[in-house]
Amino acid sequence: LFRSPIPLYKTKFNQRGYNQAAYLAKGIGAKCKLPTVDILERVRATSPQSSLNRKERRENIKAAFRLKQG
């Protein structure tokens with residue numbers, strides 16, 4: 001098992017300057033003695049999930065991620 005953070009879209013990362021999910025995944029991984037592996041990439045921007053219902057959240061993230069090549 002391993003931990004993989006959910007990546008931010010480029011523009012959001014540039015605005016924020018960091019990915020809080022990556023910090024959380026690394027901390028949890030260290031505590032559980034599991035490696036953190038950066039294997040996902042976000043291929044399109046999505047709307048904030050907080051204002052969406054369950055069905056809308058699923059649709060919102062469809063095709064937003066893929067496995068990194070290489």
A.B. asks: State the CD1-NZ distance between I28 and K33, to the nearest 0.5 angstrom.
C.D. replies: 15.5 Å
A.B. asks: In Å, rounded to the nearest 0.5 Å, how long is the span from CG of L40 to CZ of R66?
C.D. replies: 11.0 Å
A.B. asks: Could you state the interatomic distance from NZ (K55) to CG (L52), rounded to the nearest 0.5 Å?
C.D. replies: 13.0 Å
A.B. asks: Among E56, R57, R58, find the residue that satisfies the side-chain contact (heavy atoms from CB on, under 4.5 Å) test when tested with R54.
C.D. replies: R58
A.B. asks: Grab the two heavy atoms, one from R44 and one from E59, that are nearest each other, plus how far apart they are.
C.D. replies: NH2-O, 3.8 Å
A.B. asks: Say whether L8 and V37 are linked into one hydrophobic cluster, either directly or through other cluster members, by side-chain heavy-atom distances under 4.5 angstrom.
C.D. replies: no
A.B. asks: Using every non-hydrogen atom in the two residues, find where V43 and F65 come nearest and quote the distance to one decimal.
C.D. replies: CG2-N, 4.1 Å
A.B. asks: Please report the closest heavy-atom contact between Q49 and I61, naming both atoms and the distance.
C.D. replies: NE2-CG2, 3.7 Å
A.B. asks: For K26 and T36, which heavy atoms make the closest approach, and how far apart are they?
C.D. replies: CA-OG1, 3.4 Å
A.B. asks: Taking T46's backbone N and O only, do any of them form a donor-acceptor pair with N60's side chain (distance below 3.5 Å, no angle check)?
C.D. replies: no
A.B. asks: Is the backbone N or O of K10 less than 3.5 Å from a side-chain atom of N14, with the two atoms forming a donor-acceptor pair by type?
C.D. replies: yes
A.B. asks: Closest heavy-atom contact between S51 and P48?
C.D. replies: OG-O, 3.7 Å
A.B. asks: Would you indicate whether K12, at its atom NZ, is surrounded by more than 12 heavy atoms from other residues, nucleotides or ligands within a distance under 6.0 Å?
C.D. replies: no
A.B. asks: Whether the side chain of R42 engages the backbone of I6 through a donor-acceptor N/O pair (distance < 3.5 Å, no angle test) should be reported.
C.D. replies: no
